[in-house]
Amino acid sequence: MSMSTVGVIGAGVMGKDVALTCAANGYDVILCDSDADVLASAPQRMRRLLRQYRMMSPAVAEWPTDEVLGRVSRTAEPADLAGADWIVENIVEDPEAKRKLYLRLREICGETARIAVNTSCVPITRIASLLPAPHQVIGMHFMNPVPLIDGVEVIRGEHTSDATVKAAEEFAASLGKRPIVVNDMPGFVSNRLSHLFMNEAAFLVQDGVAAPEQVDDVFKLGYGHRMGPLETADLIGLDTVVKSLAVLHDEFQDPKFRCCPLLKKMVDAGFLGRKSGRGFYDYTTSAASAR
């Protein structure tokens with residue numbers, strides 16, 4: 001295995017973006033997912049994503065599509081990641097699913113690979129406790145869409161070593177990202193704040209105070225945000241937002257993280273945001289897609 005190999009676990013929205021970003025910056029990538037259909041469709045979906053990102057970023061426009069995709073191999077077996085320099089985990093925001101995965105990785109990774117946990121809210125220290133070398137585990141919370149966002153929230157767990165922090169900063173920089181190192185606590189900085197914004201924005205819509213467009217425009221025109229909270233929720237995926245709020249509520253036992261019933265209703269209806277074509281906005285129309 002190459003000395004510049006990154007294993008990416010989870011071929012969902014974030015996993016594909018992380019794989020593309022690593023491959024575009026010279027890494028050999030092994031994309032791992034237990035869903036055969038997701039793996040089979042990954043190259044086509046990543047090619048489509050690259051076309052979209054090219055129109056949005058001059059830097060991404062210079063990425064050679066065939067060369068980038070040629071650096072990404074696929075597997076359904078986590079064992080194939082043994083020997084990777086970095087493993088970046090991006091599976092569903094479900095503490096139990098993560099626990100099961102890391103118990104498998106415990107048998108595969110030994111004490112050599114560095115583990116980057118790309119989670120929204122699950123504490124890094126808890127995940128590290130499942131592995132034989134907790135000092136090698138660190139949070140690396142990439143922002144969506146990964147190829148277009150410069151910042152990476154790097155989370156130091158209780159046992160994360162200084163060497164691992166330095167390696168994570170260097171890894172982020174090699175991807176053209178700026179690392180921001182923070183300490184471990186559920187939700188860290190970004191999601192402890194952003195999920196309050198998104199959740200309360202959903203309450204505003206539910207209570208009839210404002211339409212989604214009005215809520216988002218207040219943040220964009222009034223505060224200079226690039227995206228409003230409901231546009232952000234649609235981009236992340238409303239199912240992921242609901243699961244993350246559940247983690248925050250469970251961890252802090254604080255009612256401020258109670259999930260808006262409208263969010264749960266939309267998830268039950270299959271309105272998950274961009275990935276399903278409908279969330280707070282309808283993405284089957286060109287006007288909504290351009291927001």
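Just so it is clear, the structure is predicted and the values come from calculations on it, not from any experiment.
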Contacts of F271 meeting side chain to side chain contact (heavy atoms under 4.5 Å, CB included) (sequence neighbours excluded), chain-then-number -> M266, A269, R278
Just checking [X]: does its [atom1] atom have more than 12 heavy atoms from other residues, nucleotides or ligands closer to it than 6.0 angstrom?
X    : atom1 : result
M185 : CE    : no
R258 : CZ    : yes
R104 : CZ    : no

Can [Y] be reached from [X] by stepping across I, L, V, M, F, W or Y side chains whose heavy atoms are under 4.5 Å apart?
X    : Y    : value
V122 : V88  : no
I91  : M46  : no
V241 : V205 : yes
W86  : V137 : no
V152 : L193 : no

Candidate pair S190 and H141, rule side chain to side chain donor-acceptor pair (under 3.5 Å), full reasoning: CA-CA 9 Å; S190 59; H141 179 217; 3.0 Å; yes
Pair [X] + [Y]: basic N to acidic O under 4.0 Å:
X    : Y    : value
R47  : D66  : yes
E62  : R54  : no
R99  : E96  : yes
K275 : D239 : yes
E251 : R126 : yes
R156 : D162 : yes

Hey, mind stepping through D216 and Y281 against side-chain contact (heavy atoms from CB on, under 4.5 Å) and telling me if it holds? CA-CA 11 Å; D216 284 338; Y281 299 95; 2.5 Å; yes
Approximate separation, where rounding is to 0.5 Å, of [X] [atom1] and [Y] [atom2]:
X    : Y    : atom1 : atom2 : value
M198 : C260 : CE    : SG    : 12.5 Å
R226 : T232 : CZ    : OG1   : 10.0 Å
N90  : I9   : CG    : CD1   : 8.5 Å
D254 : L196 : CG    : CG    : 8.5 Å
I108 : I87  : CD1   : CD1   : 7.5 Å
I155 : N183 : CD1   : CG    : 10.0 Å

So do the side chains of [X] and [Y] get within less than 4.5 Å of each other, counting heavy atoms only?
X    : Y    : value
F280 : E231 : no
E93  : K98  : yes
T240 : V13  : no
V215 : P229 : yes
V6   : D85  : no
F203 : L262 : no
M140 : I138 : yes
C32  : E77  : no

Without swapping roles, check the side chain of [X] against the backbone of [Y] for a donor-acceptor pair under 3.5 Å.
X    : Y    : result
D33  : D35  : yes
K16  : P43  : no
S244 : S120 : no
D184 : G157 : no
E89  : N118 : no
Q214 : A211 : yes
S57  : Y53  : no
N199 : F197 : no
N191 : S194 : no
R71  : D28  : no

Go through it in stages, so that I can follow the logic: the residues are I149 and N144, the test is side-chain contact (heavy atoms from CB on, under 4.5 Å), and I'd like the CA-CA distance, side-chain angles, deciding distance and then a yes or no. CA-CA 7 Å; I149 304 297; N144 189 1; over 6 Å; no
Is the distance between the ring centroids of F257 and H249 under 6.0 Å?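 Not close enough - the centres of the two rings lie 6.0 Å or further apart.
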Considering all heavy atoms, the nearest [X]-[Y] contact:
X    : Y    : value
P78  : L105 : CB-CD2, 4.4 Å
L175 : C22  : CD2-CA, 3.8 Å
M143 : G151 : CG-O, 3.6 Å
G15  : V8   : O-CG1, 3.6 Å
G273 : L238 : N-CG, 4.4 Å
V154 : A168 : CG1-CB, 4.2 Å

Between I180 and E153, is a side-chain contact (heavy atoms from CB on, under 4.5 Å) present by the stated rule, with each step listed? CA-CA 5 Å; I180 306 141; E153 190 177 27; 5.5 Å; no
What's the verdict on side-chain contact (heavy atoms from CB on, under 4.5 Å) for F219 and M227, showing C-alpha distance, side-chain angles and the deciding distance? CA-CA 8 Å; F219 274 79; M227 295 180 68; over 6 Å; no
For S161 and Q136, what are the C-alpha separation, side-chain angles and deciding distance, and is it a side chain to side chain donor-acceptor pair (under 3.5 Å)? CA-CA 7 Å; S161 68; Q136 297 272 70; 5.1 Å; no
Describe, in one word, how the ring planes of F171 and Y27 are oriented to each other, choosing from parallel (under 30°), tilted (30 to 60°) and perpendicular (over 60°).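 Taking Y27 first and then F171, their aromatic rings stand perpendicular (interplane angle over 60°).
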